[in-house]
Each structure stands twice: as structure tokens, then as C-alpha cells.
Asker: 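The structure that follows is given in the form of C-alpha cells.
Values in this document were obtained by computation on a predicted structure and should not be read as measured data. Atoms within a ligand are numbered from 1 in the order they appear, just like the ligands themselves.
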Amino acid sequence: MSAEKVTTSEQIAIGVAHSKLILIGEHAVVHGQPAIAIPFPLVGVESVVEYVPGSIKFDSSFYHGPMNLAPKTMQGIVNSVKETLNYLELPKKDLLIQIKSSIPPGKGLGSSASVAIAVVKSLFSYAERSFTTDELLELANISETVNHGSPSGIDTLTITTECPVWYEKEHPIYFIRPFDDFHFIVADSGEVGDTRTAVESVTRLLRSAPKIIQGKLERIGELTHQAKHALEKAGKNFLGQLLNEAQKELEALGVSDAKLNRLIEFARQEGALGAKLTGAGNGGCIIALAKNEVHSRQLADKLRKFGAQAVWPFVLKAQN
Ligand code: PMV
């Protein structure tokens, strides 16, 4: 794989990354169950690395200044930058790293993972080096581990692909080829979530009631297996039911909040075939499955009027 090669004569290099959505399997995937995630190209990150003498500096909407004074919330990306520079045998100086993102953070859309992937890609490009997916994931996951504690790895992986991904820890990756177009709507509840807190709360629950919670995680795993079948063969009506079932389990795990529930309920009332939270939850976004393209546009409009902070209709295209 080659990094985006830009005008190296001017010592500027760019790395880009799209976002991701978890269709089904979030939280369960941390505990060994499978999950399905979809690349989400409607929002993304661009990282521009430029030769600027002096210490390494960041320029982003959340921080502007020297890397060594970056806030704690940026510690993940700082660690990824340092490790990538070590790996590339580049000096830790004379760089300005500009990060431009259209991914709202804390909304379950993989903002931190996209930033990490885009920044690592831009540093490879700056060094005029190509990279393998494994190199990219290893260096970006350094940031994700700081941000999320024990990430499953699904976010960074999906951000490096163009196809829906079947992901199960320590298993080979499988790319799903949808047999039909699936029309989804992503809607932002307006609340910011925190992945680390949500993941830790499920882990605590699992420790306190292992049998019951393990049962729920396994049920999500079963639904995820069925969702793969729905994408590859059985179709949208079945997929919709599975999304609704998964939402029940996520509610029982305590990761869906009132605003998410309200949006999900509204989407279903307005004819969505299924709807659930996407990502870590307790804030963030929902994903709803529409009947077709026209319904998707109508539902998106209605969700906007109902108060969703942002709404993105998008189609997962058939791949034959
Ligand atoms: O909200 P996000 O995009 O950070 O989703 C993380 C998905 C989880 O399953 C909750 C955590 C993980 O590492 O897989």
C-alpha cells in the first residue's frame, strides 16, 4: 500500500482517513464476539505534515501548540506520532502536523481512530515510505489503546478498508459483500459519549453478573452472525429485525441513554426497518435502516425536524 504522495519538494505530505460505523456487535466484540463495521465515507480526517523548524507542533480544532504541551486528551496521538517517528527513523523535531476533521468526536464514528490513521499515513508520506496495513494498524492502535483502554481494534481496521468488515479478535478478517443496496441513516443524538467509560461499565457489569451478561454478549454474537447472512443473502427486512434485537441487548448492558432511545423509537415509528445505537453509546449516534432510497431521504428529513443534531443518509452498495 502506498501513502498519499504529495509535493515532497516543498516538504509537505498528506494522509487521509474516512470514518466508520459499527452496524452490529459493539461491546460484545471487546469480549470475543464478532462485530460488523462499515466504512463511513461521509466524514473524515486530513492530516498535513509540513517542515517547520523547531519543536513538533500540532494545529487542530482542539489544540494548537507544541506537541510536548499537548493536553491529556491528545496523549494517544502524541504516542502514535513518537512511535511512528522512531519507526521511520525521523528526528522528533521540525514538523507542523495540521489535523482537519469533519468527524464529530465522541459520537461513535471512530474520530480518534481516524485521526490516528490519517496522522500515521501523513508521516509515512513525509518520509516517502510506503506502508503495509499491519504497520498502519500497529502504529495507530498505540493511540487507540491510550484513548480507549483495551480497544478491540475494529475501528482502526474498518478505517483502512473500503468494504464492510467481519471482525472477531484473533481471527482472520473477512470482508462482507452485500448482495443488495442497503439504505441507512445515521443520526446524532447531540450528546457526547466516552468510549473508555462505556467499555469499562460493560466490563464491570460482566464481572458482577458473569452468567447473565455473558449470555447477552453471546446473544449479540448470534445476532451478528445472522446479520452477516442478512447482508449477504436474506435482505433488509431480516437485517432490520436483528438491529432491533441488538438494541434490546445494548439497553440491557446499560449503554443506551434516553436521547438515543428517543431517536431510535422515532425512527421505528416512521417506518425504519430497524434502528439501534452505533459505537460505544451513552451519547453519540443511532443507525436506522430505511426501506429504500426515497424512504431514506424522508426519514432523514423527519429525524432532522425531530431534533437530531446531524443526519447522514448513506447507502451501502451491493458488491457482486
Ligand atoms: O464509539 P466508538 O467508535 O469508539 O466504538 C467503539 C466500539 C466498542 O465496541 C464499544 C469498543 C471497541 O473497542 O470495539
Asker: Looking at Val255, Ile220, Leu217, which hits side chain to side chain contact (heavy atoms under 4.5 Å, CB included) with Glu249?
Answerer: Ile220

Asker: Using the side-chain hydrogen bond (donor to acceptor under 3.5 Å, both in side chains) criterion, which residues pair with Ser47? Sequence neighbours excluded.
Answerer: Ser122

Asker: Can you list the steps and then say if Gln241 with Glu245 is a side-chain hydrogen bond (donor to acceptor under 3.5 Å, both in side chains)?
Answerer: CA-CA 6 Å; Gln241 290 167 27; Glu245 288 294 317; over 6 Å; no

Asker: Report yes or no: is the cationic atom of Lys228 (NZ for Lys, CZ for Arg) under 6.0 Å from the centre of the six-membered ring of Tyr174, at an angle within 45° of the ring normal?
Answerer: yes

Asker: Using a 4.0 angstrom limit on heavy atoms, which residues are close to ligand 1?
Answerer: Lys20, Ile22, Glu26, His27, Val29, Val30, Gly108, Gly110, His148, Pro151, Ser152, Ile154, Asp155, Thr195, Val199, Gly279, Ala280

Asker: Before giving the answer on side-chain hydrogen bond (donor to acceptor under 3.5 Å, both in side chains), spell out for Gln309 and Ser189 the whole-Å C-alpha distance, their side-chain angles and the decisive distance to 0.1 Å.
Answerer: CA-CA 6 Å; Gln309 196 173 70; Ser189 71; over 6 Å; no

Asker: Can you tell me which residue among Asp155, Leu157, Thr156 is in a side chain to side chain contact (heavy atoms under 4.5 Å, CB included) with Lys20?
Answerer: Asp155

